[in-house]
Amino acid sequence: MAQLVIRGGTVVDGTGRPPRQADVAVDDGRIVEVGEVTGTGHREIDAEGLLVTPGFVDLHTHFDGQATWDPLLAPSSVHGVTTVAMGNCGVGFAPARPDRHDWLIGLLEGVEDIPGTALAEGLTWGWESFPEYLDQLAAMRRAVDVAAHVPHAALRTFVMGERGADHTEAPTEGELAGMARLTREALEAGAIGFATSRTEVHRTKDGANIGTLTATEAELLTLAQALREHGSGVIQLISDCYQSTDTEYVAAELDLIEALARTAGRPVSFTVQQAVTAPDRWRLLLDRAASLTAAGHDVKGQVAPRPIGVLLGLEATANPFLLCGGYGEVGGLPAAERAAALADPDRRARILAEHADLEANLPPGLLRQIVCGFDVMFEMADPVDYDLDASASFAAEASRTGVRPAELVYDALLRRDGAQLLYLALFNFVHGDLDDVHEMVTSPHSLFGLSDAGAHCGAICDASSTTSFLTVWGRDRTAEQRLPIEAVVHELTQRTAAHVGWFDRGVVAPGLLADLNVIDLDALGCAPPRIAHDLPAGGRRLVQDSSGYRWTIKAGVPTFADGEHTGELPGRLIRGSTGTPV
Ligand SMILES: [Zn+2]
């Protein structure tokens, strides 16, 4: 008798094939039968009217610290994800010498906005080498499977000490050989690849550039060669090529990506998002990925299926009035008290006057966007509609009502006792709609990614982009732009899994891992993100609930039922690639 039978569902099997009615039988953690299952299971799930999909695979998370203390890894796990990869963008906590712990915490605090106090309290540092870190991860049970890239920034300072944190310093020949040896050792132990950052955006807590920013081609190709020699692993990187206005720089970065793919002979993915500074660049980047693919390399642009936005609010890291003196006077109060103080009409008038000054004087850039980017600023509804349109922005509402946008925003922030969050669509929204995102997600040269789950704890909450990929593109779009549900599920499952060589998951087929979602597509949605203080030491983070995931099943064991954890922790560490291609 099968351990579990999911009966009568619409199976969207992950391969991109059209949905079909079928039962799914599971035994011993694996799928044993897909079709008409005649015998009854020890346990039966009625999936009539529901979708049955593989569990989702999110390759771009930053749970490196959290995975050592938190078995649930929400919000990813409540958005259908059953496998996550960490160590992205070159940041992580191994290898780590004991005297570099504080520095690594400062790096993650700066680059990924993860509270340093939470990391300091939560991390046990029972490791020094990368293989020891993997052993530590392997010793713990979780709701999802985890895997990790070797993070370049950690590797560099492990070998080069203080100099490794300085991007203008190059490793000596001996140091470079050491980094290559440790990369091979990490791959041998089960690292899924190597990740690095080449963006000015990534800075330590003290504002210093990340040590890997300008790592030379010689350094990177030596590490790529380690992947070739080991014959495994992927390369993941972020560079400023998606946003820089310096065309020579962009060309050089793309040449470097090509050299990495050639040297490693392994899959490469890099960040592709639409920036205001270079609205059409993403096309150039995906075109380059296309020509490299045509030349026999595996290079893909990691894209997000929705705008990438920063959340603004009284409890979030940023809000539009942060720089106003009148705000600063009450900025230290708890949110509800602060909201009450801000409701005082005199204070409101003063802050709005100070804000008008800022609006007149702030130069273009991120800060100006946060303070007065009203044309891309939205109030978050419940459930959140990520299919944004400029007509719903504060700027549009202001021109309809004749009220200053700053006033509308001010009053919105005070709602729900100061808990209301606003969404600032910084990327993928240059033309005020999602037409360009449609092109990105349907490109054969893109790869679902960029959720950054586990990071940007006070500003970004894109772990839920699995859910909005399904709702926006598989359900809610007009017929012209709606994607077949099987195409969306394929992007979230087999396609991402295959990129890193996981062939034991991502498809509903006999013999594969029983990582499954049972989904009520009509009810699927994202609640608004909310601030929780549940990291170690009371650290703050954004969390986000979902609706419509009736069951999430990991290795045959139900882990979440209607968004609630069942108490089961069947998740493991994944070492390297798994299974064999079908
Ligand atoms: Zn990242």
Side-chain angles (χ1 to χ4, degrees), residues 57-67 73 75-76 79 81 83-94 104-115 119 146-156 191-205 209-213 215 234-243 253 257 267-275 282 285 300-311 317 366 426-428 440 446-466 496 499-500 541-542:
V57 177
D58 186 346
L59 296 179
H60 194 130
T61 80
H62 293 281
F63 284 122
D64 304 75
Q66 208 175 322
L73 301 184
S76 293
H79 288 271
V81 173
T83 305
V84 301
M86 327 182 284
N88 282 286
C89 304
V91 290
F93 295 105
L104 282 171
I105 287 173
L107 181 65
L108 270 284
E109 189 170 12
V111 172
E112 305 294 353
D113 187 23
I114 301 172
L119 293 169
V146 299
H149 301 80
V150 188
H152 190 192
L155 178 69
R156 210 172 192 265
I192 58 160
F194 167 80
T196 193
S197 164
R198 306 176 60 72
T199 175
E200 293 269 359
V201 176
H202 287 166
R203 299 193 180 238
T204 67
K205 168 178 85 161
N209 282 119
I210 192 164
T212 55
L213 176 70
V234 299
I235 295 174
Q236 181 273 338
L237 73 104
I238 178 169
S239 140
D240 283 327
C241 63
Y242 69 87
Q243 64 176 354
E253 289 297 290
I257 287 168
V268 176
S269 70
F270 65 104
T271 293
V272 174
Q273 52 188 357
Q274 181 185 46
W282 61 272
L285 304 184
K300 294 188 176 76
Q302 275 198 26
V303 300
R306 67 188 200 196
I308 294 180
V310 166
L311 295 163
T317 298
L366 177 62
L426 285 180
F427 299 101
N428 290 357
M440 285 185 213
S446 67
L447 184 71
F448 166 75
L450 308 188
S451 86
D452 269 351
H456 309 293
C457 297
I460 299 179
C461 194
D462 284 342
S464 60
S465 53
T466 49
T496 39
H499 179 77
V500 290
R541 65 169 177 153
L542 284 155

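Note that the structure is predicted; figures quoted are calculated from it, not measured. Read the numbers this way: they start at 1 and go in the same order the structure lists the ligands and their atoms.
- Of the listed residues (Asp452, Thr271, Thr496), just one forms a side chain to side chain donor-acceptor pair (under 3.5 Å) with His60, and that residue is Asp452.
- Ring planes of His152 and Phe194: tilted class, angle from 30 to 60°.
- Between the side chains of Asp240 and Thr199, at least one donor N or O lies within less than 3.5 Å of an accepting N or O.
- Near the Zn ion (ligand 1), less than 2.8 Å away, sit the protein N, O or S atoms His60 NE2, His62 NE2, Cys89 SG, Asp452 OD1.
- For the pair Asn88 (side chain) and Leu59 (backbone), a donor-acceptor distance under 3.5 Å is present.
- Residues Ser451 and Asp58 bring a donor and an acceptor atom of their side chains to less than 3.5 Å of each other.
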Check the pair Ser464, Arg306 against side-chain hydrogen bond (donor to acceptor under 3.5 Å, both in side chains), reporting the backbone distance first and the verdict last.
-> CA-CA 10 Å; Ser464 60; Arg306 67 188 200 196; 3.0 Å; yes

